[in-house]
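Just so you know, these numbers use all the heavy atoms, side chains as well, and skip hydrogens, waters and symmetry mates. In the text below, chain A, chain B and the rest are named by the order of the sequence lines, each starting its count at 1.
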Amino acid sequence: MSEAGAAVLEVKDLKTVFETGLGAVHAVNSVSFDLMPGELLGVVGESGSGKSVTMMSLIGLLGSTSAIVDGAHVNFDGKDLLKVSEDELRAVRGAGIGFVFQDPMTSLNPVFTVGFQLMEPLRNHMGLSKSAARMRAAELLDLVGIADATRRLSDYPHQFSGGMRQRVMIAMALACDPKVLIADEPTTALDVTIQAQILELMKELRNKIGMAIIWITHDLGVIAGIADRVMVMYGGQIVEQAPVNELFQNPQHPYTRALLKTVPNIRGGRAERLRVIEGQPPIMFSSPRQCTYHTRCTHAFERCLKFDPDRLKIGEGHDVACFWDPVTGEPRDE
Amino acid sequence: MNEAPSAPLVRVRGLKMHFPVHAGLLRRHVGDIKAVDDISLDVNESETLGLVGESGCGKSTAGRAVLRLYDITDGSITIDGTDISNIDQDKLRHLRPKMQMIFQDPQASLNPRMTVAGIVGEPLVEHMSLSKNERLDRIYELMDAVGLARSFANRYPHEFSGGQRQRIGIARALALHPKFIVCDEPIAALDVSIQAQVVNLLEDLQERFGLTYLFISHDLSMVRHIADRVAVMYLGKIVELAPRDELYATPLHPYTQALLSAVPEPDPVRESQRKHIILTGDVPSPANAPVGCNFCTRCPKAEDICRQIDPEFREVAPGHFTACHFVTDTTRKTAGSTAGNEANT
Ligand SMILES: Nc1ncnc2c1ncn2[C@@H]1O[C@H](COP(=O)(O)OP(=O)(O)OP(=O)(O)O)[C@@H](O)[C@H]1O
Ligand SMILES: Nc1ncnc2c1ncn2[C@@H]1O[C@H](COP(=O)(O)OP(=O)(O)OP(=O)(O)O)[C@@H](O)[C@H]1O
Ligand code: SF4
Ligand SMILES: [Mg+2]
Ligand SMILES: [Mg+2]
């Protein structure tokens with residue numbers, strides 16, 4: 001990972017609000033981050049914390065919904081993706097930024113064969129002939145560990161297992177050698193052996209073509225094994241960000257600390273009951289004016305209810321949005 | 001076979017689910033995808049049987065077939081004393097409240113035009129006569145149980161995050177107080193804290209109502225937590241089945257051993273020091289399974305016999321079944337069968 005140099009993707013102050021029957025839902029609240037070439041950025045966080053919506057917002061994938069996306073900028077490849085036309089965005093999604101959706105069935109069309117869906121971007125964006133696209137499509141399926149790839153090109157999505165559909169999605173996202181791959185829970189349906197194979201493939205692609213990767217996952221084991229840097233989201237905000245070892249060894253935010261304690265382990269003793277983080281995640285009917293975690297936080301004090309904490313740099317590449325200091329066990333200086 | 005002390009709630013023998021493969025212009029039938037190929041297992045009342053194995057090995061198909069969401073190719077399924085192997089959909093409908101499924105793909109299983117209250121309440125409308133208020137109370141109760149805010153009741157599925165949608169599916173499956181639930185990757189889409197909440201919830205419900213689960217998952221740490229016994233599938237067959245602690249402490253089948261060694265550690269330092277058994281070799285397709293043992297193309301221990309003879313699934317220690325030529329039998333020949341090692345009876 002190159003320290004200096006320009007980011008491939010630079011997101012500044014991204015905000016997404018949904019208009020719903022019950023009022024506005026503030027799903028993403030001023031999210032800013034940079035992604036370096038060849039970097040593997042892990043994103044973790046509570047269900048509903050805005051991970052998917054953040055990523056979909058920044059490449060214009062919320063188009064037809066009631067979403068309002070706003071922000072300072074999303075710079076990619078010399079363009080501000082918040083300002084370009086729908087056509088340009090489509091071109092970026094076709095070739096510049098590959099996206100693996102959390103729910104494979106939303107983006108695989110049930111009436112077309114998997115082969116057709118894999119070949120389409122290869123023909124449209126890479127200009128391959130039909131037979132070349134077919135060969136490349138089979139190669140891609142093989143790469144993600146699907147046996148008998150050539151024959152399976154003529155199968156429909158429902159004929160694939162859940163995990164195979166996920167791998168088809170990964171193959172589709174990789175088809176045009178993107179500069180950035182955004183993978184939203186891409187391996188939730190995969191067993192560990194195939195997951196390991198996919199992770200190896202990712203590392204290889206990043207080394208070979210310098211692809212940068214954003215990997216959203218709930219699996220802290222995967223994060224530990226693959227990420228360079230980790231972002232933790234809560235209530236539509238980034239509450240902590242750190243290099244991977246630092247995050248696991250020196251977690252600062254109370255949410256991160258609680259999260260790391262909830263993981264069941266395969267090798268240690270077996271707990272009778274799994275630990276949970278008590279309480280419910282917030283429903284964001286307004287943009288945050290307090291710490292969004294305060295209702296569940298065991299350290300909350302008055303300041304947390306009056307102000308929304310900014311991200312504070314506390315170490316090399318490590319920042320946290322919290323008023324409490326786990327080192328001293330006291331509030332941070334104002 | 002000796003009589004078990006109490007009959008299992010679910011008894012599956014020699015279950016096969018094959019999907020035809022058609023090819024060519026005339027779409028001729030050229031073969032079969034043997035997604036589930038001769039599996040036998042019991043699930044005892046109030047127990048959780050974990051079902052693990054790699055992607056595409058046939059777990060979902062097995063789970064669906066056991067609930068007769070398919071017309072099965074062969075074999076028998078008995079649930080709570082009723083043989084459902086071949087009964088028609090009409091009769092099945094009356095049995096549905098007893099047996100439910102939580103689906104792997106929440107998006108595909110929730111009607112996008114119905115609100116959450118509609119989705120969760122649908123089975124109540126169909127199978128129970130409740131007043132409107134009673135129904136709403138029950139819907140709220142279910143939403144509380146899975147940790148969905150009541151104020152979400154009138155929202156549509158697309159307005160939820162992936163994990164929230166999965167919980168809608170769970171609430172729906174619980175609506176009719178089923179006895180037996182096939183949980184197909186019920187927690188894969190959830191963050192660890194909510195995974196823990198849902199698993200704790202499933203355990204509470206099991207304790208309160210004596211529920212029985214077939215818990216399909218690829219998350220071996222979670223299965224270790226929730227399951228009483230664990231079955232490991234590979235390419236349409238069960239290769240090992242054992243009580244939980246025994247399976248994790250002394251896995252006997254080379255595939256189970258590889259699988260357990262591949263579980264990542266939630267710690268970057270330990271993770272980088274961990275030793276994996278890396279499987280090499282071709283992953284075969286269920287349309288074209290290898291001769292001999294299904295695992296022979298990737299097994300680090302395979303020898304000639306493995307490429308010729310399909311190993312028998314047999315009990316090698318009390319309650320511990322496996323299908324590998326190189327595992328030695330430590331049981332007396334009279335040992336009772338609880339997992340069903342006799343196929344097609
Ligand atoms: N179309 C929509 N209309 C209204 N609210 C929405 C819509 N899409 C998402 N939301 C809300 O925005 C919030 C963030 O959702 P998002 O899908 O980004 O969560 P997530 O972090 O990806 O969660 P998960 O881990 O469960 O996938 C959630 O509270 C969700 O209910
Ligand atoms: N309707 C169908 N038609 C043809 N083949 C099918 C059908 N459903 C499943 N299959 C095939 O059967 C095999 C087993 O699929 P299944 O969905 O049971 O796997 P799984 O173990 O649940 O995998 P995953 O962990 O990825 O969900 C796969 O090869 C799949 O492609
Ligand atoms: S800011 Fe306050 S409430 Fe929020 S996480 Fe820190 S201590 Fe807890
Ligand atoms: Mg998501
Ligand atoms: Mg499945």
Side-chain angles (χ1 to χ4, degrees), chain A residues 18 20-22 44-48 52-53 65 102-106 145-148 151-152 159-164 166-167 185 188-196 218-225 244-245 248 258-260 262-267 270-271 273-277 280 283, chain B residues 19 33 52-56 58 60-61 104-108 147 149 151 154-155 158-164 185 188-197 199-200 203 218 220-222 224-225 248 258-260 262-269 271-272 276 278-279 282-285 287-288:
Chain A
F18 291 103
T20 74
L22 297 163
V44 298
E46 181 103 344
S47 171
S52 302
V53 173
T65 64
Q102 184 165 11
D103 216 326
M105 281 319 257
T106 52
I146 290 181
D148 215 358
R151 188 184 60 73
R152 300 231 58 164
Q159 294 172 306
F160 284 72
S161 78
M164 289 168 150
Q166 265 189 340
R167 284 178 280 159
E185 310 267 7
T188 46
L190 301 184
D191 61 283
V192 284
T193 50
I194 290 178
Q195 180 172 290
H218 291 304
D219 191 330
L220 293 163
V222 169
I223 290 280
V244 64
N245 287 341
F248 280 88
L259 185 69
L260 291 176
T262 53
V263 192
N265 204 310
I266 189 148
R267 293 184 177 87
R270 178 179 164 276
R273 202 157 167 88
L274 295 172
R275 293 180 71 137
V276 302
I277 303 174
Q280 293 287 332
I283 305 174
Chain B
F19 298 104
I33 293 184
V52 303
E54 74 186 343
S55 171
S60 298
T61 306
Q104 178 168 14
D105 208 332
Q107 180 82 350
S151 59
N154 293 318
R155 285 218 211 165
H158 76 270
E159 297 177 68
F160 288 90
S161 76
Q164 290 164 335
E185 305 273 4
L190 308 177
D191 68 74
V192 275
S193 170
I194 291 173
Q195 277 186 1
Q197 262 174 40
V199 165
N200 288 345
E203 287 180 336
H218 62 272
L220 293 159
S221 334
M222 212 39 109
R224 174 171 178 232
H225 182 83
Y248 283 82
L259 201 62
L260 289 174
V263 178
E265 294 257 9
D267 177 319
V269 178
E271 173 61 22
S272 61
H276 308 211
I278 304 253
L279 293 177
D282 286 342
V283 184
S285 141
N288 190 11

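Side chains of Arg152(A) and Ser285(B) form no contact here, defined as non-hydrogen atoms less than 4.5 Å apart.
The shortest heavy-atom contact between Ser55(B) and Met164(A) is OG-N, 3.5 Å.
The closest side-chain donor-acceptor pair between Thr20(A) and Arg155(B), if any, does not fall under 3.5 angstrom.
Contacts between Glu159(B) and chain A at a heavy-atom distance below 4.5 Å involve the side chain alone, from C-beta outward. For a residue to count as touching a neighbouring chain, one of its non-hydrogen atoms must lie under 4.5 Å from one of that chain's; by this rule Thr61(B) does not touch chain A.
Partners of Phe160(B) under the ring pair (Phe, Tyr, Trp, His ring centres under 6.0 Å) rule, at least two apart in sequence or in another chain, are Phe152(B).
Counting heavy-atom pairs closer than 4.5 Å to chain B, the top residue among Gly163(A), Ser52(A), Ala258(A) is Gly163(A). Between chain B and the options Gly221(A), Ala147(A), Ser161(A), the largest number of non-hydrogen pairs under 4.5 Å is found for Gly221(A).
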